[in-house]
Amino acid sequence: MCGIIGYVGNRRAAEVLIEGLKRLEYRGYDSVGVAIANAGTIEVRKDKGMIEFVSAQLDFISIDGHIGIGHTRWATHGAPCKENAHPHASLDNKVILAHNGVIENFTQLKNDLKTKGHTFRSETDSEVIAHQIAEHVNSMPPLKAFLKTLNELEGSYGIAAIFADDKDEQIFVARRNSPLVLGIGKGEMFCASDIPAMLKYTKTFVPLEDGDIAVLSANGYKVYTLDGSETKRKQITVDWNVEMAQKGGYPYFMLKEINDQRHFINETIASDVVVAKKLIEESERIDIVACGTSYHAGLMFSYLLQQRGKSAQAFIASDYPFIVKPNQKTLVVTLTQSGETADVLQAVRYAKKSGCKLIAITNVVGSTITNIADNVVYLNTGPEVGVAATKTFTAQLAIIYKIIFGKEKISSLSDLFAQMMEKENEVKQIAAQLKEKQNLFFIGRGISVPIAYEGSLKLKEISYIHSEAYPGGELKHGTLSLIENGVPVIVLAPTDDTLPKLFGNLKEAKTRGALIISLTNDEKTKAESNFYIELPILDPDLYPFAMVIILQLLAYHVSVLKGINPDRPRNLAKSVTVE
Ligand code: G6P
């Protein structure tokens with residue numbers, strides 16, 4: 001998965017591309033490059049590494065020109081290196097493009113091109129697209145050549161391409177199962193994989209739909225479908241400002257986003273759930289599909305629905321088609337903050353084929369899932385840049401609670417989040433106890449279990465410490481063999497009806513020498529703990545919100561104490577657009 005940015009207008013293209021690429025880095029950051037057209041030639045500069053380093057080394061800013069494209073890469077075909085970095089050029093360097101996605105028939109296309117004398121500089125599927133367009137553009141105008149090529153591609157793509165000989169100075173873009181949004185300026189146009197990359201310059205956008213092609217020039221844009229007929233797409237304006245997509249004074253996006261939760265939660269709570277609530281009430285069976293952090297929110301949803309007698313189950317999206325045969329009576333609910341996760345998209349497409357209705361709970365306006373779902377509920381929590389999901393998780397929980405309990409129940413979340421943030425220094429002290437540990441366990445019961453899973457995932461994602469989470473009762477069925485002197489067990493022990501039994505599990509671990517760290521407001525539990533974070537007395541349904549803030553802060557501080565950049569954990573990316 002990668003990030004694309006394109007610009008045409010009066011500004012120096014290099015400036016816009018560098019700015020956009022910095023905002024897009026969360027989508028992938030193993031290599032980066034730009035291509036800027038000027039007086040019939042296109043200058044391409046690219047290399048392995050992150051934007052800040054590569055753009056300084058190769059002096060991106062010095063490239064003259066008012067039209068260009070840029071790309072930040074996360075390798076799928078071919079290792080991260082200069083040759084495989086985008087943009088890619090045709091043999092004659094007349095067609096240059098940046099691509100996000102996977103071209104499934106690229107080997108066949110590449111072999112055909114080789115028989116026509118093409119040689120390739122990279123191992124990527126993307127380079128093949130540039131060569132294929134160049135093959136066609138000899139005998140037809142750029143738009144036709146672009147269209148013809150797209151019709152020959154199988155797989156997914158977001159593409160931005162420019163042509164050296166194009167006197168009209170146009171950017172040709174396309175999307176299929178990979179995001180691409182146009183940004184509308186005055187006498188200038190932008191395109192990018194997401195909105196924050198363009199926010200510094202405009203607030204008006206056109207999210208393209210799958211199968212769309214657009215041609216951008218300084219004077220405006222036109223959208224076409226794959227058969228070449230012109231079409232219109234809705235313009236949207238967003239009220240995010242640039243600061244909302246930037247760090248706002250915090251050392252890392254993750255910390256900013258943990259702090260942001262108290263500011264954004266009321267906008268989330270205002271989100272419209274009327275249709276979703278009705279569909280859920282009327283459904284006999286509800287399948288919830290999601291991945292990663294969103295799956296944990298999905299699990300919470302299923303627990304709360306099951307507690308109310310509903311037939312509901314949460315599934316890991318990538319496994320859903322192997323397990324379930326949905327039918328027309330099945331309501332599918334997906335939680336996906338990005339709206340672009342490939343595992344989620346394949347699961348919901350599978351379900352839709354069986355005639356299911358689909359509700360999508362997402363944060364990204366114009367994302368692919370919003371075109372597939374029958375009803376969309378937005379998280380309204382502003383862009384999330386840190387790879388580890390934080391505010392989108394609490395926003396997902398808030399939407400779930402609004403559907404299940406109504407708005408009143410969650411009306412004081414903002415205050416609760418503020419109160420929990422005051423515990424940051426205490427959490428930091430506990431983080432110092434954990435940073436050298438190799439293994440760690442989280443336990444909880446009932447609705448604390450999804451939070452234990454989420455706390456564990458957060459910690460392992462960004463601190464690289466091995467951790468697991470269990471319903472407390474499961475410890476004795478295997479995991480207890482791993483508990484020895486000093487092994488931390490984080491116990492989610494609010495005073496709800498799970499506490500008496502969970503306390504027994506705490507004792508089981510303590511007897512074996514575990515270092516007990518609890519999140520609790522119970523005196524007995526505090527007395528048995530080596531460390532604890534005091535929870536306020538709350539409506540028991542709300543403890544998950546209080547505890548997850550602590551666990552997010554804990555993961556963050558362990559990560560920072562270990563010298564890791566929590567915004568960019570190794571091997572992980574924010575939006576995973578391959579299955
Ligand atoms: C990636 C991210 C996770 C996220 C998961 C699902 O693996 O690193 O943080 O939870 O994708 O993403 P989604 O956008 O579908 O919620």
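Computed from a predicted model, the values in this text were never measured in an experiment. For ligands, and for the atoms within them, numbers begin at 1 and follow the listed sequence.
In this structure, the protein non-hydrogen atom closest to atom 14 (O) of ligand 1 is Ser338 OG, 2.6 Å. Closest to atom 8 (O) of ligand 1, if we only count protein heavy atoms, is Ala573 O, 2.9 Å. For atom 13 (P) of ligand 1, the closest heavy atom belonging to the protein is Thr341 OG1, 3.2 Å. Nearest protein heavy-atom contact of atom 9 (O) of ligand 1 is Val387 O, 3.5 Å. With respect to atom 5 (C) of ligand 1, the closest heavy atom belonging to the protein is Cys291 O, 4.0 Å. Summary of contacts: the protein heavy atom closest to atom 11 (O) of ligand 1 is Lys574 O, 3.9 Å. For atom 7 (O) of ligand 1, the nearest non-hydrogen atom of the protein is Val576 CG2, 3.7 Å.
When each atom of ligand 1 is checked for a heavy atom of Thr293 under 4.0 Å away, the hits are 10 (O). Listed by atom number, the atoms of ligand 1 under 4.0 Å from Ser294 heavy atoms are 10 (O), 13 (P), 16 (O).
Scanning all heavy atoms of the two residues, the minimum distance from Ala276 to Asn375 falls at CB-OD1, 3.4 Å.
Each of Ile69, Ile5, Leu180 was evaluated against Cys191; a single residue qualifies, Leu180, per the side-chain contact (heavy atoms from CB on, under 4.5 Å) test. Exactly one residue among Arg233, Arg349, Arg176 makes a salt bridge (charged side-chain N to carboxylate O under 4.0 Å, His left out) with Asp210. That residue is Arg349.
Between Arg23 and Asp194, none of the side-chain N atoms (NZ, or NE/NH1/NH2) sits under 4.0 Å from a carboxylate O, so this pair counts as no salt bridge. The pair Arg568-Glu25 meets the salt-bridge criterion, since a charged nitrogen lies less than 4.0 angstrom from a carboxylate oxygen.
Ring pair Tyr201/Phe190 is parallel by interplanar angle, where below 30° counts as parallel and above 60° as perpendicular.
At a cut-off of 3.5 Å, with distance as the only test, a side-chain donor of Thr293 or Lys458 sits close to an acceptor on the other residue.
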